[in-house]
Number of protein chains: 2
Amino acid sequence: MATIRDVAKLAGVSVATISRYLNKNGYVNEETKLRVEQAIKTLQYEPNAMARGLAGRKTGTIALIFPDITNPFFAELARAVEDVARMYGYTVILCNSDNQADKEQTYIRVLKQRYVDGILFASYSLRSDDVDALNNEKIPFIMLDRAPRETSCTVVSSKHLEGAQQAVQHLLDEGCTKIAHIYGPQDTVTGRERFMGYEQSVKHFPWYSPSLVEPGYFRVDGGMEAVENLMKRHPDIDGIFAGNDTMAVGALKKLQRMGVRVPDQVALCGFDGIDLTVIVEPEITTVAQSIYDMGMLSTRLLIKKIEGDNSEDQTHLFDVKLIPRESTRRKRKE
Amino acid sequence: MATIRDVAKLAGVSVATISRYLNKNGYVNEETKLRVEQAIKTLQYEPNAMARGLAGRKTGTIALIFPDITNPFFAELARAVEDVARMYGYTVILCNSDNQADKEQTYIRVLKQRYVDGILFASYSLRSDDVDALNNEKIPFIMLDRAPRETSCTVVSSKHLEGAQQAVQHLLDEGCTKIAHIYGPQDTVTGRERFMGYEQSVKHFPWYSPSLVEPGYFRVDGGMEAVENLMKRHPDIDGIFAGNDTMAVGALKKLQRMGVRVPDQVALCGFDGIDLTVIVEPEITTVAQSIYDMGMLSTRLLIKKIEGDNSEDQTHLFDVKLIPRESTRRKRKE
DNA sequence: CTGAAAGCGCTAACAG
DNA sequence: CTGTTAGCGCTTTCAG
C-alpha cells in the first residue's frame with residue numbers, strides 16, 4: 001500500500017502539498033496538481049483513514065443506535081441512514097440496544113473510543129445525563145422520536161398525537177361506534193403520544209371507558225393478547241386503533257382466529273406504515289410516517305453538524321398520512 | 001481525554017508497561033499492575049482505537065456486506081452478526097449492496113481504507129477476481145451462501161438442495177398431485193439449488209412440465225405475479241413450492257385474492273423460516289434455515305481468522321428443517 | 001504557492 | 001519485569 005510519502009516523492013513535492021490537494025484546502029499550483037494526480041493514479045494511492053483520524057480527528061464514521069434491526073421500522077430507517085451516509089462518504093456502525101440502558105452505555109463508550117464523528121439515537125433508553133455528557137464532549141448527535149427534557153438538542157420526529165387523532169376519526173367516519181386502543185410502551189414518546197391522541201379523541205363519547213385500552217408492547221404477540229382481552233371485556237367493540245403496525249398485525253391475526261370478520265365486524269387501524277401492513281389480507285389501514293425521509297433528514301442534519309454547522313438545535317416534525325385500506329373499508333350508512 | 005502517557009506518569013511507570021497491561025501480553029508485576037489499574041480508573045482512561053489501529057493495525061471492526069437490510073432474512077443475519085461481534089469486542093459496519101457490483105466495489109475500497117479487520121459477504125454480486133484480490137491482500141473474509149469457483153475460502157451455507165427436496169416431498173405427502181415452483185434469481189446459489197431440488201424431485205412424475213415453474217425474483221410482488229401466471233396456465237395446480245418465504249407470502253396473498261383456498265385447494269410451502277410466515281393467516285409451512293446460527297458461526301469464524309487462526313478453509317453446511325404449518329395441512333386420504 | 005517538522009496516541013522491538 | 005525509542009500515515013502550523 002502506497003503512502004502519502006511515496007506519492008510526494010514520485011510527484012516531486014512534499015507531503016504537505018499532497019495533503020492539501022487531498023483535502024482541498026490551501027492553494028496548490030495547477031501544474032503541480034496535475035503531477036500529484038498523476039502520481040496518485042500510478043501508485044493507486046488510497047489515503048489511510050486510520051492515520052487521518054489520528055491526525056485530524058475525523059473518522060468519517062457515524063453510529064446508529066436503535067433497539068433492534070430486526071424490527072422492520074428500524075430496518076427501513078437504517079437503510080435510509082446508510083444510503084445518505086454513503087452519499088456523503090460516511091460509513092455507518094450498527095448498534096442494537098434492545099432498549100437496554102447498559103448496552104447503550106457500553107456502546108457510547110466504545111463509539112467514543114473509536115472516534116465516531118456523530119451518533120444517531122433512535123433508542124428509548126437513553127438517560128438524560130447521557131445526553132448531557134454527549135453535549136459536553138461535543139460529539140454531535142441527533143435524537144429520533146425522543147426529546148429529552150432540559151438539554152437542548154435537535155430531534156426528528158413525527159406528529160404522533162395528530163396521527164392518532166386522524167386514525168380515530170377515520171374509524172369514526174367509517175361508522176365505528178366503540179373504539180378500543182392497543183397501546184405501546186408508555187415510557188416511549190411514540191407510545192405515549194399515540195395513546196393521548198386516542199384518549200383525547202374519544203373521551204367525550206358516552207361509550208368511552210378506560211377499560212377500552214390494553215397494552216401490546218409494540219409486538220405481534222402483544223397485539224394478539226390485547227385483542228383477546230379486549231374482546232372478552234367488550235364483545236361489542238367495532239373498531240381498534242393499534243399503537244403501531246406490528247401490534248395491528250397481531251390484532252388482525254387474533255381476530256381472524258377468533259372468527260371475527262375484519263373490517264365488517266371490527267375495523268382495524270395501525271400506525272407507522274411498514275410493509276407488513278400490505279402483506280397480510282386484508283391489508284391494514286395505517287397512519288404512515290415518512291420513515292425513509294426521517295432517516296434521510298436526520299442523517300443529513302447529523303452530517304451537517306459534524307461538518308461544522310452551528311445553527312440552533314431544532315425539532316423537526318414530520319407530517320403523517322392516513323392510508324385507508326381494506327381493514328377499515330366498511331359499508332357506509334347512507 | 002487522558003492518554004496512555006498520562007496514565008504512565010500517574011502510575012510512575014512507562015507507557016510500554018501500560019500498553020502491556022492493556023493488551024495482556026508481556027509480564028507486569030502484580031504490584032505495578034495495581035498502580036496501573038488505579039491510575040486508569042482515576043483518569044478514566046480509555047484507549048484510543050484510532051491510534052491503536054494505526055500502530056498495531058487492528059481496528060476491532062468488521063464489515064457486513066449484503067443486499068439489503070430491509071429484507072427480514074438479512075436483518076436477522078445482521079442481528080446475529082452484531083450480537084457476537086459485540087461479545088468479542090468488535091464493532092460492525094453495515095453495507096447495503098443492493099446486489100450491485102459497483103456498490104460492492106466501492107465498499108471494498110472504503111473498507112480497506114478504514115482497515116476493517118475482516119469482511120462478511122452475504123451479497124450475490126461479488127466477482128471472483130474480487131475474492132482473489134481479498135485473498136492476496138490477506139484481509140480475512142467469509143462467504144455466506146456463495147462459493148466462488150476456484151479460489152479457496154471458507155463459506156457458510158445451508159443444504160438448499162436437500163431442503164427443496166424435503167419441501168416437495170412434504171407437499172406430496174400431503175396429497176398434492178401437481179406441484180409448481182416459484183423460483184428465485186438463477187444467478188444466486190440459493191435460487192439455483194432450490195430450483196434444482198424441485199426439479200430433481202418432480203421430473204420423473206407424469207404430470208411434470210417445464211411450464212410449472214415461474215420466476216418470482218425473491219420478492220413479494222414477484223410471488224404474486226408468478227401465481228397469477230401459473231394458475232392461468234395450470235388451473236389444476238394443488239401445490240406450490242416457493243423458493244423463499246417472501247415469494248411464498250406474495251403467493252398466498254394472490255391466491256387469497258383469487259379466491260383460492262389455502263391449503264385445501266392449493267398447498268403452499270416456502271423456504272427460509274423468516275417471521276413473515278407466521279404473521280399471515282394461514283401460517284405458511286417453510287423450510288427453515290438456522291439464520292441466526294449461521295450469522296453467529298460465520299462471525300465467529302471470521303473473528304477466529306482475524307485473530308490468527310490459520311486452519312484450512314472449510315465449507316460449513318447447515319441443516320435445514322421443514323416446519324409444517326397450516327398452509328399445507330390438508331385432510332389426509334386414509 | 002510549497003516545504004520542514006512537530007505531533008495525534010499507541011504498539012513493539014530491543015535493551016536493560 | 002520494565003523503560004527507551006522508533007515508527008504507523010496523515011494533518012497542520014510556521015516559515016519561507
Side-chain angles (χ1 to χ4, degrees), chain A residues 1-37 39-40 43-61 89 109-110 112-117 307-308, chain B residues 1-37 39-40 43-61 89 110 112-117 137-138 306-308:
Chain A
M1 263 265 158
T3 77
I4 198 173
R5 249 180 283 271
D6 302 327
V7 180
K9 199 175 300 173
L10 183 60
V13 296
S14 77
V15 296
T17 305
I18 310 291
S19 175
R20 275 190 214 100
Y21 168 80
L22 254 25
N23 300 293
K24 305 187 195 318
N25 56 15
Y27 301 88
V28 178
N29 182 31
E30 276 306 317
E31 200 179 313
T32 51
K33 193 182 283 189
L34 252 44
R35 288 218 310 285
V36 172
E37 278 163 356
I40 289 182
L43 258 38
Q44 299 208 60
Y45 168 70
E46 299 273 6
N48 176 321
M50 204 56 48
R52 260 189 163 157
L54 224 208
R57 36 210 57 240
K58 292 262 288 113
T59 58
T61 305
R109 234 194 44 236
V110 172
K112 267 184 212 157
Q113 282 183 205
R114 315 236 155 173
Y115 277 37
V116 294
D117 293 337
E307 303 191 339
Chain B
M1 265 266 158
T3 78
I4 199 175
R5 252 180 279 273
D6 301 328
V7 180
K9 199 175 297 173
L10 183 60
V13 296
S14 77
V15 295
T17 306
I18 309 293
S19 176
R20 276 190 214 101
Y21 169 79
L22 254 24
N23 301 294
K24 306 189 193 319
N25 56 13
Y27 302 89
V28 179
N29 182 32
E30 276 305 318
E31 201 177 314
T32 51
K33 191 182 283 186
L34 252 45
R35 288 218 311 287
V36 172
E37 278 163 356
I40 289 182
L43 257 37
Q44 300 207 61
Y45 167 71
E46 300 274 6
N48 177 322
M50 204 56 48
R52 265 192 161 156
L54 225 207
R57 36 209 57 242
K58 292 259 293 114
T59 59
T61 305
V110 172
K112 269 184 212 158
Q113 283 183 208
R114 314 236 156 174
Y115 276 39
V116 294
D117 293 338
E137 311 206 28
K138 306 222 170 304
I306 290 172
E307 302 189 340

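The analysis underlying the following values was restricted to heavy atoms, covering all of them including side chains, and did not include hydrogens, waters or symmetry mates. Naming: A, B, ... by sequence-line order, numbering from 1 per chain.
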Round to a whole Å and report the spacing from [atom1] of [X] to [atom2] of [N].
| X | N | atom1 | atom2 | result |
| --- | --- | --- | --- | --- |
| A:K58 | D:dT11 | NZ | P | 12 Å |
| A:L54 | C:dC8 | CG | C1' | 5 Å |
| B:Y115 | D:dC10 | OH | P | 8 Å |
| A:Y21 | D:dT11 | OH | P | 13 Å |
| A:N29 | C:dG3 | CG | P | 11 Å |
| A:M50 | D:dT11 | CE | C1' | 16 Å |
| A:R35 | C:dC1 | CZ | C1' | 12 Å |

- Message: When you compare the side chains of A:D6 and A:Y45, does any donor N or O come within less than 3.5 Å of an acceptor on the partner?
- Response: no
- OP1 or OP2 of C:dC1 sitting under 4.0 Å from any side-chain N/O of A:T17? no
Is any side-chain heavy atom of [X] closer than 4.5 Å to a side-chain heavy atom of [Y]?
| X | Y | answer |
| --- | --- | --- |
| B:L22 | B:R52 | yes |
| B:S19 | B:I4 | yes |
| A:Q113 | B:N48 | no |

- Query: Among the nucleotides D:dC1, D:dT4, C:dG3, which one has an atom lying closest to any side-chain atom of B:S14?
  - Reply: D:dT4
- Item | N/O donor-acceptor pair under 3.5 Å between A:D117 side chain and A:G60 backbone | yes
- Message: Taking the basic N atoms (NZ, or NE/NH1/NH2) and the acidic carboxylate oxygens, is any pair closer than 4.0 Å for B:E46 and A:R109?
- Response: yes
Protein-nucleic acid N or O pairs under 3.5 Å, nucleotides 10-13 of chain C:
unit_1 : atom_1 : unit_2 : atom_2 : d
C:dC10 : OP1    : B:Y45  : OH     : 2.3
C:dC10 : OP1    : B:N48  : N      : 3.2
C:dC10 : OP2    : B:I4   : N      : 2.3
C:dT11 : OP1    : B:N23  : OD1    : 3.4
C:dT11 : OP1    : B:N23  : ND2    : 3.2
C:dT11 : OP1    : B:R52  : NE     : 2.7
C:dT11 : OP2    : B:S19  : OG     : 3.0

